[in-house]
Trainee: 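One structure is given below, represented as structure tokens, and several questions about it will come after.
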Amino acid sequence: MILAAGRGERLRPLTEKTPKALVEVGGKPLIGWHLERLAASGLREVAINVSHLAGQIVEALGDGARYGVRIAYSREPEPLETAGGIARARELLGAEPFVLVNGDVYCEYDFSGLKGVSLNDHLAHLVLIPNPPHHPKGDFTLERGMVGNEPAPRYTYSGIAVMSPALVASVPAGEKAPLAPLLRAAAEQKRITGELYAGLWQDVGTVERLAELRAHLGSGPLISP
């Protein structure tokens with residue numbers, strides 16, 4: 001599932017007429033990079049939640065054939081936040097764990113590695129990264145493959161994960177709900193595994209970070225966080 005329903009408030013005025021997922025970096029829509037990498041990894045069944053300027057996303061991506069994937073859309077009358085968006089898409093996702101990708105990041109992570117992740121009794125497997133300059137305090141600790149809430153050393157959640165639908169079982173379909181509190185609670189219960197990715201990653205949540213990414217992709221490799 002790719003999360004693409006947000007309004008992109010910090011990217012205004014750009015996102016007043018263009019959904020964040022379709023903002024171009026390196027000559028293609030941001031979400032296009034994700035779709036191509038998912039397809040190359042053999043992950044070809046993709047659910048995308050849409051809300052803000054949803055029609056533009058559906059028109060641009062269609063059924064996904066041009067990217068080598070098959071897309072199903074979960075429409076939200078208004079953005080439901082991350083956990084709410086996942087809960088609304090339950091019927092599309094099914095009962096098995098799925099790969100989750102934030103639509104507002106650029107990342108050269110190889111998704112094929114996630115196909116071998118078995119959650120067993122855990123609720124999620126998170127891909128963490130070294131803390132970028134705009135998020136120096138991080139989100140979680142990582143010790144011996146287990147994600148926790150200890151004070152240090154902490155890493156930042158990349159927006160990429162393998163997730164069990166059970167993580168959002170308490171969220172009613174159609175209700176707004178953030179994902180972070182559910183992740184923290186599961187980490188406290190030692191029910192989240194993780195890995196550290198030190199490759200190319202950038203959040204494009206602001207105009208400044210978008211400009212930085214465009215400059216890097218246009219002139220050379222993106223600097224690792």
Side-chain angles (χ1 to χ4, degrees), residues 1-4 31 33-49 64 67-72 74 81-131 138-150 153-171 173 177-201 225:
M1 180 175 185
I2 301 178
L3 300 168
I31 199 170
W33 291 99
H34 290 320
L35 291 172
E36 289 180 356
R37 291 192 171 105
L38 288 168
S41 301
L43 297 166
R44 297 190 174 93
E45 299 289 329
V46 180
I48 301 175
N49 69 330
Y67 291 99
V69 300
R70 186 164 64 181
I71 297 174
S74 177
E81 301 187 57
T82 303
I86 296 169
R88 186 176 177 88
R90 263 191 286 254
E91 290 187 6
L92 297 178
L93 296 170
E96 297 300 317
F98 59 94
V99 172
L100 183 71
V101 184
N102 281 7
D104 59 355
V105 301
Y106 173 87
C107 186
E108 297 187 355
Y109 179 82
D110 183 357
F111 290 110
S112 61
L114 296 181
K115 293 195 297 181
V117 171
S118 179
L119 293 183
N120 297 318
D121 293 330
H122 297 117
L123 292 173
H125 176 87
L126 305 185
V127 177
L128 305 178
I129 61 167
N131 299 328
D139 300 307
F140 300 101
T141 54
L142 180 65
E143 185 174 355
R144 297 180 181 179
M146 295 301 299
V147 170
N149 294 315
E150 288 72 26
R154 295 171 71 85
Y155 302 97
T156 293
Y157 171 46
S158 69
I160 299 171
V162 176
M163 193 162 293
S164 168
L167 183 69
V168 299
S170 63
V171 180
L179 183 62
L182 299 178
L183 289 177
R184 292 193 188 99
E188 195 68 30
Q189 298 166 8
K190 305 299 181 185
R191 299 193 66 188
I192 299 184
T193 60
E195 63 183 87
L196 185 63
Y197 170 69
L200 308 184
W201 180 95

Trainee: Please assess Glu143 against Lys190 for the test salt bridge (charged side-chain N to carboxylate O under 4.0 Å, His left out), listing each intermediate value before the final yes or no.
Mentor: CA-CA 11 Å; Glu143 185 174 355; Lys190 305 299 181 185; over 6 Å; no
Trainee: Do the side chain of His34 and the main chain of Asn102 share a donor and acceptor less than 3.5 angstrom apart?
Mentor: yes
Trainee: Short question: side chain of Arg70, backbone of Glu45 - any donor-acceptor pair under 3.5 Å?
Mentor: no
Trainee: Determine whether Leu38 and Tyr67 make a side-chain contact, defined as any pair of heavy atoms from C-beta on separated by less than 4.5 Å.
Mentor: no
Trainee: Do Ile160 and Cys107 come within less than 4.5 Å of each other through their side chains, counting heavy atoms only?
Mentor: yes
Trainee: What's the shortest heavy-atom distance between Tyr109 and Tyr197, and which atoms?
Mentor: N-OH, 3.4 Å
Trainee: Mind checking side chain to side chain contact (heavy atoms under 4.5 Å, CB included) for Ala177 and listing every partner two or more places apart, or none if nothing turns up?
Mentor: Ala83, Val171
Trainee: Heavy atoms only: give me the nearest His125-Thr193 pair and the separation to one decimal.
Mentor: ND1-OG1, 2.7 Å
Trainee: Check Leu126, Leu179, Ile2 against Leu100 for a side chain to side chain contact (heavy atoms under 4.5 Å, CB included) and give me the one that passes.
Mentor: Leu179
Trainee: Before you tell me yes or no, could you show the steps for His122 and Val147 under side chain to side chain contact (heavy atoms under 4.5 Å, CB included), namely the whole-Å CA-CA distance, both residues' side-chain angles and the distance that decides it to 0.1 Å?
Mentor: CA-CA 11 Å; His122 297 117; Val147 170; over 6 Å; no
Trainee: Assess whether side chain to side chain contact (heavy atoms under 4.5 Å, CB included) is satisfied between Leu167 and Ile86, documenting all intermediate values.
Mentor: CA-CA 10 Å; Leu167 183 69; Ile86 296 169; over 6 Å; no
Trainee: Could you check Leu196, Leu128, Ile129, Val105 and say which one makes a side chain to side chain contact (heavy atoms under 4.5 Å, CB included) with Ser158?
Mentor: Ile129
Trainee: Would you say that Phe98 contacts Pro165 through its side chain, given a criterion of any heavy-atom pair below 4.5 Å between the two side chains?
Mentor: yes
Trainee: How about Tyr106 and Trp33: are their ring centres within less than 6.0 Å of each other?
Mentor: yes
